[in-house]
Number of protein chains: 2
Amino acid sequence: MPSSVPNKRIRKSPAARRAEIVAAAASVALTEGLECITLRRVAEELDVRPGLISHYFPVADDLVAEAYGTAAASELEELLPADRSGATPTRHLARLLARTTGEAYDDISRLWLNARHLSRYRPALRARVGVQEAAWRDRMEALIRDGVAQGEFRTADPLVTAIQILVVLDGLGMLVNSAATSEDPPAVRRLPVTTAERELGLAPGTLGAMPDDSAPTADSGGVGGPRGAAR
Amino acid sequence: MPSSVPNKRIRKSPAARRAEIVAAAASVALTEGLECITLRRVAEELDVRPGLISHYFPVADDLVAEAYGTAAASELEELLPADRSGATPTRHLARLLARTTGEAYDDISRLWLNARHLSRYRPALRARVGVQEAAWRDRMEALIRDGVAQGEFRTADPLVTAIQILVVLDGLGMLVNSAATSEDPPAVRRLPVTTAERELGLAPGTLGAMPDDSAPTADSGGVGGPRGAAR
DNA sequence: AATGCTATTGAGTGTGCGACCAATAAGCAA
DNA sequence: TTGCTTATTGGTCGCACACTCAATAGCATT
């Protein structure tokens with residue numbers, strides 16, 4: 001072990017140390033859960049004493065909220081970048097839906113599930129969840145508005161459509177800790193894509209590859225219901 | 001204080017006591033959350049010593065799982081009774097959707113949210129969640145199959161449709177601890193109804209009153225939000 | 001009324017948590 | 001180099017938790 005026993009002190013600027021602490025806490029939140037953000041756990045992560053964490057976050061709940069906030073915000077930036085100059089709205093939406101379906105997204109699903117539950121007991125966290133919730137809705141709504149403006153999407157109410165897609169994503173995300181997730185019928189995993197394509201007036205397959213249709217199954221063909229203007 | 005200090009012992013049959021404990025725990029789960037099911041809390045509820053709870057549930061996690069299981073099961077019976085002889089599938093579905101939208105359903109939403117998160121850490125609970133999940137899906141699928149057989153519903157895949165409706169309900173339920181829930185546009189609250197009507201080939205309004213478009217009366221029918229295109 | 005089984009208690013163990021605070025030493029400024 | 005500010009430490013306190021176990025007492029049987 002290179003870190004000798006007496007463990008020399010390293011003194012950092014408050015800003016740097018604070019950022020370090022939040023980053024460590026966010027990492028713990030993503031991998032182990034928000035309730036694992038304890039003074040002792042975060043201190044161990046940074047190889048400092050628990051008292052130091054208390055010094056920067058006199059109320060531990062504030063650290064939890066902060067850690068969640070940064071984790072969720074950075075994930076939003078990754079999945080729905082504010083600067084969308086790179087590609088068309090359709091491509092951005094397809095990319096988002098592709099990533100949220102992958103297994104790598106499970107940690108994020110767990111984080112949201114975790115935060116939404118824990119915010120029942122922790123006001124500071126609840127406030128942060130509200131902020132992030134609004135941010136995701138805003139980004140999604142802006143994306144859809146953009147798509148509508150460019151003639152790619154067609155919907156009467158971009159906000160409601162945005163929320164509708166997010167609700168489906170959340171609903172599936174709720175299953176992240178259930179064993180059954182992977183054995184669900186493919187149509188279930190494709191629910192966000194199907195929902196988005198339907199609500200935005202897109203042709204099936206536009207936002208994600210259709211499941212292999214070659215076999216004559218009864219189900220895939222029908223759009224699922226009477227077609228019409230979305231809402 | 002009527003309960004005298006020495007507190008006379010009351011000796012009950014193991015079956016009765018066990019049921020009593022589970023019931024008390026389930027009540028705590030619904031009102032305060034699954035993590036509030038502690039030996040002390042449940043013991044206090046029944047006015048016995050914590051050790052007694054340990055006697056019936058040597059591993060506390062098992063009590064949590066059991067409490068959740070009974071609460072969820074009894075709620076399923078309430079919302080989607082196994083015996084559906086009383087009314088048509090359409091009416092049963094409408095009734096379910098009406099109740100799940102009401103505020104009285106918030107405790108159930110919280111319980112599911114709670115259980116789905118906590119099952120990340122507690123295997124016994126995770127197993128129970130899996131069982132209840134399957135039970136809800138089965139009931140819903142059976143209801144839809146029934147409706148299809150009677151010509152009321154039209155869908156290619158009853159199971160997928162059932163899951164789809166449940167996913168939307170879960171997705172909305174995830175918001176139960178957020179302050180924003182009540183200020184969502186009415187169209188969002190009606191998402192489960194809209195989804196069900198669309199996926200089952202029903203005319204809009206069949207499963208729930210449409211938001212009153214004709215006249216802004218103060219009649220009790222007002223679903224609770226200002227009418228008009230929100231935002 | 002006496003007996004035996006066992007449901008129930010009371011007391012104690014060890015763990016992990018947030019919070020608090022005086023003492024210490026790192027690193028900047030004089 | 002010296003001094004001073006303050007980031008950091010080490011230790012402590014009180015609390016809540018699950019779990020263990022010998023002692024006690026309710027109650028059905030005799």
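Side chains included, hydrogens not; waters and symmetry mates left out as well; all remaining heavy atoms used. Letters go in sequence order (proteins before strands), and every chain restarts at 1. Nothing here was measured: the structure is a model prediction, and the numbers come from that model.
Checking the phosphate oxygens (OP1, OP2) of dT8(D), a side-chain nitrogen or oxygen of Y56(A) falls inside 4.0 Å. For T38(B) and dC17(D), the shortest distance from a side-chain N or O to OP1 or OP2 is below 4.0 Å. Note on R11(A): every side-chain N or O is 4.0 Å or more away from OP1 and OP2 of dT8(D). For H55(B), no side-chain nitrogen or oxygen approaches OP1 or OP2 of dT8(C) to under 4.0 Å.
Along DNA chain D, the nucleotide nearest to P50(A) and the one nearest to P50(B) differ in position, and the one closer to the 5' end is contacted by P50(A). Between R49(B) and S13(B), the residue whose closest nucleotide on DNA chain C is further toward the 5' end is S13(B).
At whole-Å resolution of the value, CG in D61(A) and P in dC17(C) are 14 Å apart. Following rounding to the nearest Å, I21(B) (CD1) and dA18(D) (P) show an atom-to-atom distance of 14 Å. The distance between atom CG of L52(B) and atom C1' of dA18(D), rounded to the nearest whole Å, is 15 Å. For I53(A) and dG16(C), the CD1 to P distance is 18 Å, given to the nearest whole Å. Taking atom CZ of residue R17(B) and atom P of nucleotide dT6(C), one finds them 17 Å apart after rounding to whole Å. Remark: P of dT9(D) and CG of L46(A) are 10 Å apart, rounded to the nearest angstrom. One atom, CZ of R40(A), and another, C1' of dC15(D), lie 12 Å apart when rounded to the nearest Å. Rounding to whole angstrom units, NZ of residue K12(B) and C1' of dT9(C) are separated by 16 Å.
Between dT9(D), dA19(C), dC19(D), one nucleotide has an atom nearer to the side chain of V48(A) than all others, and that is dT9(D). Taking only side-chain atoms of A60(A), from C-beta outward, the nucleotide of dA19(C), dT9(D), dC19(D) with the closest atom is dA19(C).
Backbone-only contact: P58(B) has heavy atoms under 4.0 Å from sugar-phosphate atoms and none from a base. Counting non-hydrogen atoms under 4.0 angstrom, P14(B) reaches the backbone sugars and phosphates but no base.
Counting only N and O atoms by type, the side chains of E35(A) and H117(B) include a donor and acceptor under 3.5 Å apart.
Summarising the local packing, CZ of R189(A) is surrounded by 12 or fewer heavy atoms from other residues, nucleotides or ligands at distances under 6.0 Å.
A donor-acceptor contact shorter than 3.5 Å links the side chain of E77(B) to the backbone of A82(B).
A donor-acceptor contact under 3.5 Å links the side chain of R9(A) to the base of dT8(D).
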Legend entry - Residue pair R126(B), N177(A): steps toward the side-chain hydrogen bond (donor to acceptor under 3.5 Å, both in side chains) verdict: CA-CA 8 Å; R126(B) 178 161 52 238; N177(A) 289 325; over 6 Å; no
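Using a 4.0 Å cut-off between charged nitrogen and carboxylate oxygen, R40(B) and E44(B) do not count as a salt-bridge pair.
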